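Down below is the structure, laid out as structure tokens.
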Amino acid sequence: MDIKQYVTDKIKNALGSLGVAEPSVILERPKDTAHGDISCNAAMMYAKKLGRNPKDFAEAIIEQLALPDEYITKAAVAGPGFINLFISDKYYATKLAEINELKGNFGRLNENAGKSANLEWVSANPTGELHTGHGRQTALGKAIANLLEWTGYKVTREYYYNNAGKQMDNLAKSVYARYRQIFEPEYEFPEDGYAGDYVKEIAAILEKEHGDTLIDADDKIFREAGENWCFKSIRQTLHNFGITHDIFFNESSLYESGKITETLEEFKKRGLSYEKDGAVWLKTSELLKNKKDAADKVIVKATGEPTYRLPDMAYHIDKVKRGYDLIIDIFGADHGDTYKEVLAGMEGLGYDTSKIKVIIHQMVTFVQDGKPVKMSKRADNVYTLNDLIEDIGVDVTQFFFVMRSANTHLEFDIALAREQSDKNPVFYLQYAHARICSILRNAAEVFPEYTNAGSINYSLLSSPEAISLMKILTVFPETVASAAATFEPHKIITYLNEVAENYHRFYHNNRVIDADAKELSYARLKLCEAARIVLKNGFDIIGISAPERM
RNA sequence: GCGCCCAUAGCUCAAUCGGAUAGAGCGACAGCCUUCUAAGCUGUAGGUUUCAGGUUCGAUUCCUGAUGGGCGUACCA
């Protein structure tokens, strides 16, 4: 039973019989409960076309609805012509039973069942550890992948990396220099080398295993040692974060399979590229939709090496060819312009880019006591993502990065995140869950036969707090749908806050376990269970844990 | 200069496809624990939604312009 569908159909019929051809009906949840459970603006939308007064027209629509019926108790016209509908408690009781039956599946949708999605994110090259700058997209991707799965997508989590090219030579040189410095402290470190302390760790491992026998060794061993160490570190951090990628896509495989040259040849054939100053240029000034100030871009340098754009295009062509129904990339705002060139290039080659969705998140500032802080435990001034997790915990890290809309700049209040108290918004939600678990444990002792209870008298849930909680719980699937439609997991958090708030209020005003009122206790316990289910399912999407005790 | 993102309470942010009296948390102030977790609850104060126009039954939301901020504007990725 889907109440929105039910109401939509009813109003459509009413409009039809009042002379509106093919009406479209938009329903909303009013912010103010005095305005009912569902409101509709159809009267205002169509009154003008029909030359009628919106309020009168609304009355006419209501008359056609033939109320009350099983699910709608009454309707009223309000304001400039809103039709406000009041839903029966019976509907909510049915819904409550449904939540308790579906449990971990309540809120899972099938709107994208049978479809596949590919989400690519993190994608740092193996030249260092993940640092806090990677945190936002790491956390966002984790939540968005979950969100997509909840709407029915089969999700492939992908990581794109490059272990070839100049940056790896640089890493090799850096590791070598640190290794050499163990024996000759005055040996010069390359100016553009990787200054992080982790390079010293890698060098120390090599020294431990090989002593000084590598002084004249080839770059290769240093490169491999560096890459292996970095990748291990990245994977470890992701593992600590609770993230598992299905595919690690290596950029160099695009060279080996000939896809880079293929793409390049195709540009030449279509006259979309030309040579100048020894380099190959792509006519991005023509391909980009916004031609203002757009310049052509180099895709193959004079040295013969492609710039990142060419493999990026080959990579996305590969993803398109793999046949996903949805392809998502997550980038920080510092990469905000480049994807347009990549998409424009692909379109120039005739590929359909409509399935590619690029999520750009704005940058993060770490703030303490109202001032921006450089977070670092070490001399090299790098605060790794792992340091952050160890400092404030995975749940808090995940929550703070996801709790705000991605397209606004994020201030990460590190002092607040460290706070193990009521000030911390994560705990507010988790506390509600723990509180319910505690009650359920107590209930098992007071009412040992509760779990086998037969029918529950839901009509006993008549207090304002209980009804309000029931109503908010039933909206969870809609919230999942709306958060997924815009790829905005923070909407789940906003919603869960409302759930927790309603639960705490219910708890405060309604004693759940009362040995002298078994029937009422059972009904309230069912409500508690439903609230726990919704909180838990929401936590699953955001990617935080649901503690049973705090 | 140009492009993208942003501007809402003292602070950090929400606000359903353009909806009704713009909401939370923190901070401030005042209350509530011999009863299921006080990491909780209740109340008070706090707003010309940066500014100026436009579109319409209705604008925080859409359009134009201004101001202020972030990011980018490489033969780096």
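Proteins come first, then strands; the chains are lettered A, B, ... in the order of their sequence lines, and each starts at number 1. Only a predicted model underlies this, so the values are computations on that prediction, with no experimental measurement involved.
Across all strands shown, A:Gln362 has heavy atoms under 4.0 Å from base atoms, whether or not it also approaches the sugar-phosphate. In this structure, A:Thr365 reaches neither bases nor backbone, as no heavy-atom distance under 4.0 Å exists between it and the strands shown. Heavy atoms of A:Asn424 sit nowhere under 4.0 angstrom from any nucleic acid atom. Backbone-only engagement by A:Asn442 is indicated by non-hydrogen atom pairs under 4.0 Å involving sugar-phosphate atoms exclusively. If you check every strand for non-hydrogen atoms under 4.0 Å, A:Asp413 touches nothing. Heavy atoms of A:Arg404 sit under 4.0 angstrom from at least one base atom. At the heavy-atom level, A:Ser482 lies nowhere under 4.0 Å from the strands shown. Heavy atoms of A:His490 sit under 4.0 angstrom from primed sugar atoms or phosphate atoms, though from no base atom. The residue A:Pro80 sits close to a base: some heavy atom pair falls under 4.0 Å. Counting non-hydrogen atoms under 4.0 angstrom, A:Asn53 reaches nothing in the nucleic acid. Using a 4.0 Å heavy-atom distance criterion, A:Glu548 is classed as a base contact.
One P atom belongs to B:rG10, the other to B:rU49, and the distance between them is 13 Å to the nearest Å. Comparing the C1' positions of B:rC41 and B:rC36 gives an interatomic distance of 15 Å, to the nearest angstrom. Comparing B:rA59 with B:rA52, their P atoms sit 15 Å apart, to the nearest whole Å. Look at the C1' atom in both B:rC32 and B:rA38: the space between them is 9 Å, to the nearest Å. Taking atom C1' on both B:rC11 and B:rC17, the two are 32 Å apart, rounded to the nearest angstrom.
In the interface, the side chain of A:Asn41 is not paired with the base of B:rA20 through any donor and acceptor atom under 3.5 Å apart. Contact annotation: side chain of A:Tyr308 to base of B:rA77, donor-acceptor pair present below 3.5 Å.
Summarising the base pairing, B:rG1 is matched to B:rU73 through a Watson-Crick or G-U wobble pair whose two defining distances lie under 3.5 Å. For B:rG65, the paired nucleotide is B:rC51, the pair qualifying as Watson-Crick or G-U wobble because both relevant distances are below 3.5 Å. Pairing for B:rU56 is absent, with no Watson-Crick or G-U wobble pair whose two atom distances lie under 3.5 Å. When both distances must be under 3.5 Å, the Watson-Crick or G-U wobble mate of B:rC11 is B:rG25. If you check B:rC32 for Watson-Crick or wobble pairing at under 3.5 angstrom, you find it paired to B:rG40.
Aromatic ring orientation, A:Tyr161 versus A:Phe231: perpendicular (interplanar angle above 60°, classes split at 30° and 60°).
For B:rC32, neither phosphate oxygen OP1 nor OP2 lies less than 4.0 angstrom from any side-chain nitrogen or oxygen of A:His504. OP1 or OP2 of B:rA20 lies within a sub-4.0 Å distance of a side-chain N or O belonging to A:Lys31. At the phosphate of B:rC6, OP1 or OP2 sits under 4.0 Å from a side-chain N or O atom of A:Asn407. An OP1 or OP2 oxygen of B:rG25 is reached within less than 4.0 angstrom by no side-chain nitrogen or oxygen of A:Lys423. The phosphate of B:rC76 (OP1 or OP2) has a side-chain N or O of A:Lys301 nearer than 4.0 angstrom. Residue A:Arg309 places none of its side-chain N or O atoms closer than 4.0 Å to OP1 or OP2 of B:rA77. The shortest distance between the side-chain N/O atoms of A:Tyr507 and the OP1/OP2 oxygens of B:rA38 is below 4.0 Å.
Out of B:rC36, B:rA14, B:rG19, the shortest distance to the side chain of A:Phe82 is found at B:rG19. Each of B:rG3, B:rC76, B:rU37 was ranked by its minimum atom distance to the side chain of A:Asp337; first place goes to B:rG3. The side chain of A:Met363 approaches B:rG70 more closely than any other nucleotide in the set B:rG19, B:rG70, B:rA39. Taking every side-chain heavy atom of A:Val298 into account, B:rC75 is the closest of B:rC71, B:rC75, B:rC41. Counting only heavy atoms from C-beta on, A:Glu411 has its side chain closest to B:rU12 among B:rU37, B:rU12, B:rC75. The side chain of A:Asp334 has B:rG72 as its nearest neighbour among B:rA39, B:rU16, B:rG72. Across B:rA14, B:rA77, B:rA38, the shortest atom-to-atom separation from the side chain of A:Glu251 is found for B:rA77. Of all nucleotides listed (B:rC36, B:rC71, B:rC75), B:rC75 comes nearest to the side chain of A:Ala302. Considering only the side chain of A:Ala279, B:rC75 comes nearest among B:rC75, B:rC36, B:rC76.
Defined by atom type and a distance below 3.5 Å, a donor-acceptor pair is present between the side-chain atoms of A:Thr486 and A:Lys491. A donor-acceptor pair shorter than 3.5 Å cannot be found between the side chains of A:Asn162 and A:Tyr308. The closest side-chain donor-acceptor pair between A:Glu347 and A:Thr353 falls under 3.5 angstrom. With hydrogens and angles left out, the side-chain atoms of A:Glu465 and A:Tyr503 include no donor and acceptor closer than 3.5 Å. For the residue pair A:Asp514 and A:Ser521, no side-chain donor N or O sits within less than 3.5 Å of a side-chain acceptor on the partner. If you check the side chains of A:Glu478 and A:Tyr495, you find no donor sitting under 3.5 Å from an acceptor.
For A:Lys518 and A:Glu449, the salt-bridge test passes: some basic side-chain N is under 4.0 Å from an acidic carboxylate O.
With rounding to whole Å, A:Lys297 atom NZ is found 13 Å from B:rA77 atom P. To the nearest angstrom, P of B:rC76 lies 14 Å from CG of A:Asn162. For A:Ile26 and B:rG18, the CD1 to P distance is 9 Å, given to the nearest whole Å. To the nearest angstrom, C1' of B:rU16 lies 11 Å from CD of A:Glu488. Atom CE of A:Met44 and atom C1' of B:rG58 are 8 Å apart (whole Å). Atom P of nucleotide B:rG43 and atom CZ of A:Arg505 are separated by 8 Å, given to the nearest angstrom. Rounded to whole Å, atom P of B:rC75 lies 10 Å from atom CD of A:Glu341. To the nearest angstrom, C1' of B:rC36 lies 11 Å from CZ of A:Phe506.
In B:rC33 the O4'-C1'-N dihedral to the base is within 90° of 0, which defines a syn nucleotide.
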Would you give me the side-chain donor-acceptor pairs under 3.5 Å for residues 401-409 of chain A, sequence neighbours excluded?
unit_1: A:Ser405; atom_1: OG; unit_2: A:Asn407; atom_2: OD1; d: 2.7
unit_1: A:Thr408; atom_1: OG1; unit_2: A:Ser405; atom_2: O; d: 3.4
unit_1: A:His409; atom_1: NE2; unit_2: A:Thr365; atom_2: OG1; d: 2.4

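Between A:Ser39 and A:Asn510, the residue anchored closer to the 5' end of RNA chain B is A:Ser39, taking for each the nucleotide with the nearest heavy atom. In this structure, A:Thr303 and A:Arg511 both approach RNA chain B, and ranking their closest nucleotides by distance from the 5' end singles out A:Arg511.
Stacking between A:His35 and B:rA20 is present: the aromatic ring centre lies within less than 5.5 angstrom of the base six-membered ring centre, and the two planes differ by under 30 degrees.
Relative to the ring axis of A:Tyr507, A:Arg435 places its NZ or CZ within 45° and under 6.0 Å from the centre.
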